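Working notes, beginning with the structure itself.
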Amino acid sequence: MQVLIASHNEHKIKELSRILAACSVEAVTAEELGIDLTEPDESGKTFAENALIKAKTACLESGVAAVADDSGLCVDALGGAPGIFSARYAPAGSRKATLLKELGDTPHEQRTARFVASICCYLPNGDTIVADGVCEGFIAFTCRGDSGFGYDPIFELPCGKTFAEIPSAEKDEQSHRGLALKAFAARLNDYVKSHEE
């Protein structure tokens with residue numbers, strides 16, 4: 001079964017491709033299919049709703065099963081913000097700085113946060129496969145590390161390292177997206193097997 005990765009974010013495409021490689025599907029990009037995907041209005045109230053909007057739009061435009069994720073950072077001291085608005089929290093290039101400024105000198109123990117991811121596959125027959133993942137941690141006081149993307153340099157794991165300070169394989173093992181994709185991969189494999197019988 002061919003599955004289109006419904007994303008315009010090169011970092012997400014690489015991460016999703018890497019983890020989907022373990023599934024019994026052929027993961028492809030819009031570029032490989034020679035199509036331009038619409039960037040839909042993410043009007044959902046939850047990560048899961050937004051993932052469904054993106055996957056369904058891509059499936060209807062391509063005619064191919066499409067997988068999309070919606071993810072973000074939820075900071076307790078900011079009432080759960082930026083949440084579903086993580087990608088639109090501040091102008092590109094200033095999101096991490098904006099978040100750090102808002103937290104100011106909030107003590108470490110009060111800087112609890114979690115990354116949340118929802119993965120959705122929408123199939124041409126209208127079936128959906130959904131999975132979620134959560135990774136708990138803290139917001140660091142400064143950016144640290146050269147790996148990862150987005151908020152990774154300020155998201156500190158309980159081990160004391162940020163997502164940007166650990167190798168990609170280690171990140172995949174414990175990240176919100178990695179956990180969601182593992183659960184998703186199992187459900188997708190079950191779905192594929194059940195429809196081959």
Side-chain angles (χ1 to χ4, degrees), residues 6-13 15-16 19 39-57 67-122 128-166 170-184:
S7 178
H8 293 90
N9 183 316
E10 287 301 319
H11 296 291
K12 280 191 180 182
I13 289 171
E15 200 167 46
L16 288 165
I19 298 172
E39 191 123 11
D41 179 25
E42 295 179 34
S43 55
K45 292 182 171 59
T46 65
F47 294 111
E49 288 176 9
N50 284 333
L52 172 60
I53 289 168
K54 290 187 271 191
K56 183 175 182 179
T57 299
V67 63
D69 93 309
D70 195 52
S71 55
L73 182 63
C74 303
V75 181
D76 293 323
L78 300 179
I84 60 169
F85 302 106
S86 292
R88 306 179 293 281
Y89 185 56
S94 66
R95 293 180 193 121
K96 292 183 291 288
T98 299
L99 196 146
L100 290 175
K101 185 177 178 182
E102 288 195 7
L103 280 177
D105 58 1
T106 301
H108 182 266
E109 64 273 11
Q110 293 174 29
R111 297 171 81 92
T112 52
R114 67 208 43 81
F115 263 127
V116 179
S118 284
I119 311 285
C120 178
C121 182
Y122 189 91
T128 58
I129 303 163
V130 182
D132 301 304
V134 178
C135 181
E136 300 284 346
F138 299 86
I139 301 301
F141 287 92
T142 59
C143 291
R144 301 195 322 260
D146 302 317
S147 300
F149 60 97
Y151 294 99
D152 287 356
I154 63 170
F155 184 75
E156 185 179 283
L157 296 159
C159 69
K161 290 184 178 179
T162 69
F163 266 158
E165 293 179 304
I166 61 176
E170 191 177 334
K171 180 186 174 189
D172 290 347
E173 283 297 313
Q174 53 193 314
S175 78
H176 53 306
R177 193 172 292 112
L179 294 171
L181 275 166
K182 274 182 204 156
F184 173 78

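For the numbers below, each heavy atom of this structure counts, side chains included, while hydrogens, waters and symmetry mates do not. Keep in mind the model is a prediction, meaning the values are calculated, not measured. Throughout, residue positions are numbered sequentially from 1 according to the sequence presented.
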Atom pair [atom1] ([X]) and [atom2] ([Y]), whose distance is rounded to the nearest 0.5 Å:
X    : Y    : atom1 : atom2 : value
E102 : L78  : CD    : CG    : 5.5 Å
D172 : Q174 : CG    : CD    : 10.0 Å
S86  : F47  : OG    : CZ    : 5.5 Å
S175 : K182 : OG    : NZ    : 8.0 Å
N50  : D69  : CG    : CG    : 10.5 Å
T162 : R144 : OG1   : CZ    : 5.5 Å

Less than 4.5 Å apart, side chain to side chain, heavy atoms only: is that true for [X] and [Y]?
X    : Y    : value
K54  : Y122 : no
L99  : P82  : yes
D152 : K171 : yes
T112 : F138 : yes
I53  : S43  : yes
L73  : Y89  : no

**Message:** More than 12 heavy atoms of other residues, nucleotides or ligands under 6.0 Å from CZ of F149: yes or no?
**Reply:** yes
**Asked** Counting only heavy atoms not in K56, do more than 12 fall under 6.0 Å of its NZ?
**Response** no
**Request:** Using atom types as modelled and distance alone, determine if a side-chain donor or acceptor of S94 lies under 3.5 Å from a backbone N or O of A97.
**Result:** no
**Request:** Report yes or no: does R111 contribute a side-chain atom to a donor-acceptor pair with the main-chain N or O of I139 at less than 3.5 Å?
**Result:** yes
**Item:** Working for side-chain contact (heavy atoms from CB on, under 4.5 Å), residues V67 and I119
**Value:** CA-CA 7 Å; V67 63; I119 311 285; 3.6 Å; yes
**Request:** With sequence neighbours left out, write down each residue that passes side chain to side chain contact (heavy atoms under 4.5 Å, CB included) with P107, or none if nothing qualifies.
**Result:** E109, Q110
For [X] against [Y], the heavy-atom pair lying closest together:
X    : Y    : value
P158 : G137 : CD-CA, 4.5 Å
I84  : G44  : CD1-O, 3.5 Å
H176 : C135 : N-CB, 3.7 Å
A68  : A51  : CB-O, 3.7 Å
A77  : L103 : CB-CD2, 3.8 Å
C74  : V116 : SG-CG2, 4.1 Å

**Request:** Hey, can you tell me if F163 and F115 have their rings parallel, tilted or perpendicular (30° and 60° cut-offs)?
**Result:** parallel
**Fill in**
Those residues at least two apart in sequence (or on a different chain) that pass side-chain hydrogen bond (donor to acceptor under 3.5 Å, both in side chains) with S118 are D132
**Message:** Whether E42 and R88 form a salt bridge (side-chain N of Lys/Arg under 4.0 Å from carboxylate O of Asp/Glu) is what I want to check.
**Reply:** yes
